[in-house]
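Note sheet for the following structure.
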Amino acid sequence: MSQGGGDRDLFLKRSRDIEHAKKHGRRISTALFNMVICRIGEGESRVGIVVGKRFGGAVSRNRVKRLFRELTRQLQGQLLAGHALVVFPKRDSIVQPFAVLKELWLSSLQRQQLLRVRES
RNA sequence: GGAGAAGACCGGGUGAUCGCUUGGAGCGGUAACGCUUUAAGAGGAAAGUCCGGACUUCAUGGGCAGGGCGCUGGAUAAUUCCCAGGCGGAGCGAUCCGACACCAGCACCACAGAAAACAAACCGCCGAUGGCCAAGACGACGGGAUUCCAAUCCGGUCGCCUUGGAUCAGGUAAGGGUGAAACGGUGGGGUAAAAGCCCACCGCGGUGGUGGCGACAUCACCGGCAGGGUAAGCGUCGCCCGAUGCAAGGCCAAAUAGGAAGACAUCAGUCGGCUUUCUUCGGAGAGUCGGCGACCGGCUGGCCCGGCCGAGGUCUUCGGGUAGGUCGCUUGAGGUUCGAGGCAACUCGAAUCCCAGAGAAAUGAUCAUCCCCGUUUGGGAGAAAAUCCUAGAUGGGACAGAAUCCGGCUUAUAGGUCUUCUCCACCG
RNA sequence: GCGCCCGUAGCUCAAUGGAUAGAGCAUCGGACUUCGGAUCCGAGGGUUGGGGGUUCAAGUCCCUCCGGGCGCA
């Protein structure tokens, strides 16, 4: 349906979808974020970002969501289709430089074999 | 120069690349939508939700609750906010702070203290006056001793006076450890001792004059003093407030579930007893009496009164509502600049501008450069320290994110700018 | 977003505005016991969430901030 334009279809927004992923997905954790990965079949992969009230004030919560959204936008071309990812950022992720975050994101997805192989 | 007081303002700037949301224009497309281009896109507190409104829905009345505020005047859409003033308090001062009406009624005032709200009196002081007791002087009377009488001496009774009392009646509240608070304060006179008992000043109360719109101020006269505190305890008085909050509310409307609304007629059933008719002997119908229905349940702005509804039948209509979507949704007690009025809050007039509208919630990521501050290195000025100039490296730049919209309050906030004023020190 | 409620010892709760804030459990010490448990005796532990105000006096009354919880589609 979407031709890859606006980023509405890039993100998981309904709590029903996020609860489904949390219940059925497998959980990995890194130094800067936790993540739940769930296979949902057809369609583009989607990313949900969950930031609880314990993370901090509204400014910190908004900032970390923006960081992870930017990460998703920059790297959406390399993601394999048919998965739902739910990210739970940790408090340290807001003080790290963006390049460190990007490196960790790529390597952890590589380990889960969710990245599209470059040469093919 | 130092130490302060009050008020106003800023809250990093510029540029590049890649993105997000909304509006306009153009192109493509039946449409949904897509592409290109252009414009705009967090705050002084957006926060806390403590007040006040706009706006929304809710209503058959009556009464009672409930809440808020409390010096005066002004200003406002409105306010408990704001402005100006009064009074009280703090400060040398600029200034700051103040729930700042009423103690008539009820209630409370622990411990300590003689006594804690009614006025008294535990210790104390006095004992003037009237008693009592003691001593003494004087007088009168009568007695005894020395004795013939006189005279002297002794003791007695009465009267009066003086002095005295661990005294009684009584006077007094000056002084008394306490306490947050003790029934005006200081000084003098006065007295037996005292006391507004008297006087001066201060405080207080009343009356009148003057000034002020007023709170109040001030002056004069009069009064010897009225009688504690707490109402952010119950309460009284005056004024104000209906409730509800954009998750209000309107519209469209999947899936699932079957009901919902209106009108009309009947105006009532059920249980038990008795009488009677029919009977397939199980019962059924009619009449009459009694019980329940009906001291019940639901709705009705928080409560009460009051009010409305309640079973079954027939007919007509299709609606209600969840997920979701959409409207509300940003042109407004609006901003900016002038002018006028007012001490000011603010008001009036003119011109001009359109300035976020998201929806698990857009305003971001990376980089360059400039600005400010700190650390440090090299060079220079300087005898050296201090300090200054210059170049570089490195770190930092607060509090904090619109959610229906406004007016305030409160709280958080790195660094900086401006204006006015006060006190102290020095120089002229 | 809007509305509402609650904060007392480590935990669960008390406490008319009146004095060192109390009880139970828990902790520690002692007694008892061969040792432990139970029991008995005793002790420690509190900025009454923070600050300010009213009052002679505040855990209590009032204001404000902080933390926690609940409801509303």
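So that the names make sense, note that chain A is the first sequence line, chain B the second, and so on, each numbered from 1. Heavy atoms only: backbone and side chains are in, while hydrogens, waters and symmetry mates are out.
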Please produce a list of atom pairs where a protein N or O lies less than 3.5 Å from an N or O of nucleotides 42-46 of chain B.
{"from": "B:A42", "atom 1": "N1", "to": "A:Arg66", "atom 2": "NH2", "distance (Å)": "3.4"}

Any strand counts, and the cut-off is 3.5 Å on both contacts for Watson-Crick or G-U wobble. Which nucleotide pairs with [N]?
N	value
B:G142	none
B:A169	B:U129
B:C418	B:G7
B:A47	B:U410
B:C423	B:G2
B:G19	none
B:A284	B:U277
B:C296	B:G310

Output the rounded distance in Å from [atom1] ([X]) to [atom2] ([N]).
X	N	atom1	atom2	value
A:Ile94	B:G401	CD1	P	12 Å
A:Glu103	B:U366	CD	C1'	16 Å
A:Phe55	B:A400	CZ	P	15 Å
A:Lys65	B:A358	NZ	P	17 Å
A:Leu67	B:C20	CG	C1'	14 Å
A:Glu70	B:A362	CD	P	14 Å

List the atom pairs, with distances to 0.1 Å, where a side-chain N or O of residues 55-66 of chain A and a protein N or O form a donor-acceptor pair under 3.5 Å, not counting sequence neighbours.
{"from": "A:Arg61", "atom 1": "NH1", "to": "A:Gly56", "atom 2": "O", "distance (Å)": "2.9"}

Please confirm whether the backbone N or O of A:Pro89 pairs with a side-chain atom of A:Ser93, one donor and one acceptor, at under 3.5 Å?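 No, A:Ser93 side chain to A:Pro89 backbone: no donor-acceptor pair under 3.5 Å.
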Runs of at least three consecutive Watson-Crick or G-U pairs, both distances under 3.5 Å, are what I'm after; which ones involve RNA chain C?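 In RNA chain C, stems of three or more pairs: C:1-7 with C:66-72, C:10-13 with C:22-25, C:27-31 with C:39-43, C:49-53 with C:61-65.
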Determine the Euclidean distance between corresponding [atom1] atoms of [M] and [N]; express it in Å to zero decimal places.
N	M	atom1	answer
B:A5	B:A47	P	31 Å
B:C399	B:U337	C1'	33 Å
C:U55	B:G98	P	14 Å
B:A40	B:U80	C1'	41 Å
B:A39	B:A54	C1'	32 Å
B:G74	B:C102	P	22 Å
B:A311	B:C64	P	38 Å

Of A:Gln96 and A:Ala58, whose closest RNA chain B nucleotide lies nearer the 5' terminus?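 Its nearest nucleotide lies further toward 5', so the answer is A:Gln96.
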Could you walk me through whether A:Phe11 and A:Arg69 pass side-chain contact (heavy atoms from CB on, under 4.5 Å), step by step? CA-CA 9 Å; A:Phe11 297 105; A:Arg69 267 205 298 267; 3.4 Å; yes
With sequence neighbours left out, write down each residue that passes side-chain hydrogen bond (donor to acceptor under 3.5 Å, both in side chains) with A:Gln74, or none if nothing qualifies.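 By the side-chain hydrogen bond (donor to acceptor under 3.5 Å, both in side chains) rule, A:Gln74 matches A:Glu70, A:Lys102.
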Among all residues two or more places apart in sequence or in another chain, which pass the ring pair (Phe, Tyr, Trp, His ring centres under 6.0 Å) test with A:Phe68?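 By the ring pair (Phe, Tyr, Trp, His ring centres under 6.0 Å) rule, A:Phe68 matches A:Phe33.
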Under 4.0 Å, heavy atom to any atom of RNA chain B: which of residues 27-36 of chain A qualify?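 The answer is none.
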Does OP1 or OP2 of B:A361 have a side-chain N or O of A:Arg61 closer than 4.0 Å?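 Answer no for this pair, as no side-chain N or O of A:Arg61 is under 4.0 Å from OP1 or OP2.
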Dump the intermediate steps for side-chain contact (heavy atoms from CB on, under 4.5 Å) on A:Ile37 and A:Arg27, then the final yes or no. CA-CA 6 Å; A:Ile37 301 167; A:Arg27 194 175 182 90; over 6 Å; no
